[in-house]
Amino acid sequence: MAYKIVFFGTSDFSTPSLEALLKDARFEVVAVVTKPDAPIGRHQTLTPPPVKVIAQEHGVPVFQFEKIKTDETYQILRQTQDDKEVEAYVVVSYGKIIPQRILDLPKRGCINVHGSLLPLHRGASCVQAAIAEGDQKTGVTVMLMDAEMDHGDVLAQKEIEIGPAETGGELHDRLSQLGAETLPDVLAGYLDSNITPQPQDHSLATYCKLLTRDDGKINWTKSSSEIERLVRAYNPWPGTWTEWDGKRLKILKTSSSDLTSPKSPGEPHIQDDSLVVSCGDGKVLEISELQPEGKRIMTAKEFIAGHR
RNA sequence: CGCGGGGUAGAGCAGUUGGCAGCUCGCCAGGCCCAUAACCUGGAGGUCGUCGGUUCAAGUCCGACCCCCGCAA
């Protein structure tokens with residue numbers, strides 16, 4: 001008899017975990033809860049979350065609640081609980097705070113997959129935070145959810161090394177895969193009562209906030225290594241940028257440079273066939289990939305060819 | 001009809017009051033050199049996004065449309 005599961009998730013981080021559960025005979029995903037279709041892109045095309053697409057391909061019922069905290073939402077989920085006797089909720093990058101009375105519905109609680117080694121980097125931008133902070137390693141944590149964000153008892157953790165040139169996007173993809181590989185056995189182990197939840201050491205907790213594009217504006221008074229990490233961490237989301245000539249200049253990739261620059265920090269310029277900026281520590285960062293406002297992404301070489 | 005930038009050689013860009021289509025990089029050939037992504041000489045490569053209009057003459061002015069991108073969400 002398969003364990004009945006309701007899956008909460010929305011983003012691309014969620015999809016590998018959902019697929020792992022769907023193809024695992026130990027579980028039966030009886031419903032998927034995801035955010036409503038949202039207008040996306042320049043033309044505001046109404047687009048379903050990727051999780052919804054996968055659920056529909058597998059014929060799993062989908063709920064898309066406008067508001068999760070309403071009585072109506074609660075009643076619908078309680079009805080599902082009464083009908084199906086759901087064992088556990090699995091929450092992976094759902095995108096909304098789930099109120100306690102809903103967390104209390106499933107028989108064995110709610111399991112969350114988080115993209116960091118908790119108690120480090122609690123919050124919404126854990127992948128970016130790990131790179132930006134200069135961590136050597138990160139990983140995924142499978143945990144029981146409680147009232148506080150990313151605060152519950154840990155069921156399992158898996159570590160991976162962060163590559164020296166790895167971007168947030170690359171790490172995001174690796175972690176979502178790692179989460180999907182880890183989740184099924186841990187979930188089964190917990191439901192079979194073979195895993196004992198371990199409390200986190202809350203004194204070591206760090207937090208990261210939800211990022212917006214404005215967070216990607218580079219503060220050039222920081223050190224060159226900090227800025228290099230930020231550029232990597234925030235690629236592709238939310239991206240990093242600076243003002244140049246009154247326009248926005250997105251910075252996709254940087255590398256350290258041996259050059260010295262007479263310009264003050266934050267003034268990009270061409271020097272020795274390189275596009276460089278000096279930083280707060282006096283060192284120089286070479287911009288190797290960029291996107292001027294209104295233009296496509298290009299290499300520094302291409303950019304320089306048209307700007308000498 | 002949310003605001004804005006753009007489409008010119010393979011890439012990135014310039015192109016003035018309409019008057020021979022240019023620059024940098026790359027590419028090809030040759031030269032120089034112990035050698036080179038360096039340097040020198042030469043060369044190829046264009047339906048100026050599409051369609052229509054104005055004009056003796058349109059990359060340039062007018063109109064419509066297509067496509068790419070930044071902001072916003």
Side-chain angles (χ1 to χ4, degrees), chain A residues 8-15 33-53 62-70 93-97 123-128 165 167-170 172 208-220 227-228 230-261 263 266-277 284-308:
Chain A
F8 287 64
T10 300
S11 75
D12 286 319
F13 192 84
S14 321
T15 54
V33 180
T34 190
K35 289 210 278 190
D37 294 6
I40 199 151
R42 203 174 350 264
H43 303 294
Q44 298 291 281
T45 316
L46 203 59
T47 307
V51 162
K52 178 185 181 182
V53 176
V62 174
F63 293 113
Q64 293 177 285
F65 302 118
E66 289 292 338
K67 291 188 184 274
I68 187 86
K69 291 179 181 168
T70 61
S93 185
Y94 173 55
K96 291 187 182 220
I97 306 288
S125 57
C126 47
V127 179
Q128 289 94 334
T167 65
E170 291 161 354
H172 169 280
C208 51
K209 61 169 190 163
L210 190 64
L211 297 172
T212 71
R213 279 197 170 104
D214 284 340
D215 294 312
K217 182 168 185 176
I218 295 175
N219 174 4
W220 295 100
I227 293 169
E228 188 275 335
L230 193 78
V231 170
R232 266 196 297 129
Y234 283 15
N235 178 347
W237 174 258
T240 46
W241 54 280
T242 192
E243 295 269 352
W244 196 18
D245 210 16
K247 289 185 178 175
R248 189 174 286 224
L249 186 71
K250 282 191 170 187
I251 294 176
L252 281 294
K253 199 173 289 182
T254 61
S255 57
S256 59
S257 170
D258 294 332
L259 296 170
T260 55
S261 167
K263 300 270 188 175
E267 286 186 51
H269 57 284
I270 296 167
Q271 185 173 320
D272 294 354
D273 287 331
S274 297
L275 181 60
V276 297
V277 200
V284 169
L285 218 47
E286 180 176 345
I287 300 170
S288 51
E289 201 172 294
L290 65 151
Q291 183 176 24
E293 181 173 324
K295 301 291 187 179
R296 22 159 298 206
I297 294 173
M298 64 184 78
T299 63
K301 195 178 176 183
E302 290 172 325
F303 180 83
I304 289 166
H307 291 82
R308 54 175 71 241

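Just so it is clear: chains get the letters A, B, ... in the order the sequence lines come, proteins before strands, and each one is counted from 1.
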Taking [M] as the reference, what is the distance to [N] when you measure between their [atom1] atoms (whole Å, please)?
N	M	atom1	answer
B:U50	B:C66	P	15 Å
B:U16	B:G53	P	25 Å
B:G63	B:C68	P	23 Å
B:C23	B:U8	C1'	12 Å
B:A58	B:C20	C1'	14 Å
B:G26	B:A37	C1'	12 Å
B:C61	B:C71	C1'	30 Å
B:A9	B:G59	C1'	14 Å

Now, which nucleotide makes the Watson-Crick or G-U wobble pair with [N], with each of the two distances under 3.5 Å?
N	value
B:G45	none
B:C25	B:G10
B:G70	B:C3
B:C34	none
B:C56	B:G19

Interatomic distance where [atom1] belongs to [X] and [atom2] belongs to [N] [whole Å]:
X	N	atom1	atom2	value
A:Glu293	B:C3	CD	P	16 Å
A:Phe303	B:G6	CZ	C1'	15 Å
A:Leu211	B:A73	CG	C1'	17 Å
A:Glu243	B:G70	CD	P	16 Å
A:Lys247	B:C13	NZ	P	11 Å
A:Ile270	B:G12	CD1	P	16 Å
A:Leu249	B:G12	CG	C1'	14 Å
A:Asp273	B:G12	CG	C1'	14 Å

If you compare all heavy atoms of [X] against all heavy atoms of [Y], which two are closest, and at what distance to 0.1 Å?
X	Y	answer
A:Ser274	A:Glu286	OG-OE2, 3.6 Å
A:Lys35	A:Gly95	NZ-O, 3.9 Å
A:Trp241	A:Asp214	CZ2-OD1, 4.2 Å

Nearest to the [X] side chain among [options], which nucleotide is it?
X	options	result
A:His307	B:G70, B:C13, B:A11	B:C13
A:Arg248	B:C71, B:G12, B:G5	B:C71
A:Lys301	B:G70, B:C25, B:A11	B:C25

ask   = Salt bridge between A:Lys209 and A:Asp215, side-chain N to carboxylate O under 4.0 Å?
value = yes
ask   = Would you say A:Thr254 and A:Ile227 make side-chain contact, with heavy atoms under 4.5 Å?
value = no
Parallel, tilted or perpendicular: ring planes of A:Phe303 versus A:Trp244, cut at 30 and 60 degrees = tilted
[X] side-chain N/O to [N] phosphate OP1/OP2 under 4.0 Å:
X	N	value
A:Lys295	B:G5	no
A:Arg42	B:C71	no
A:Gln291	B:G70	yes

ask   = Stepwise, does the side chain to side chain donor-acceptor pair (under 3.5 Å) test hold for A:Ser11 with A:Ser93?
value = CA-CA 6 Å; A:Ser11 75; A:Ser93 185; 2.8 Å; yes
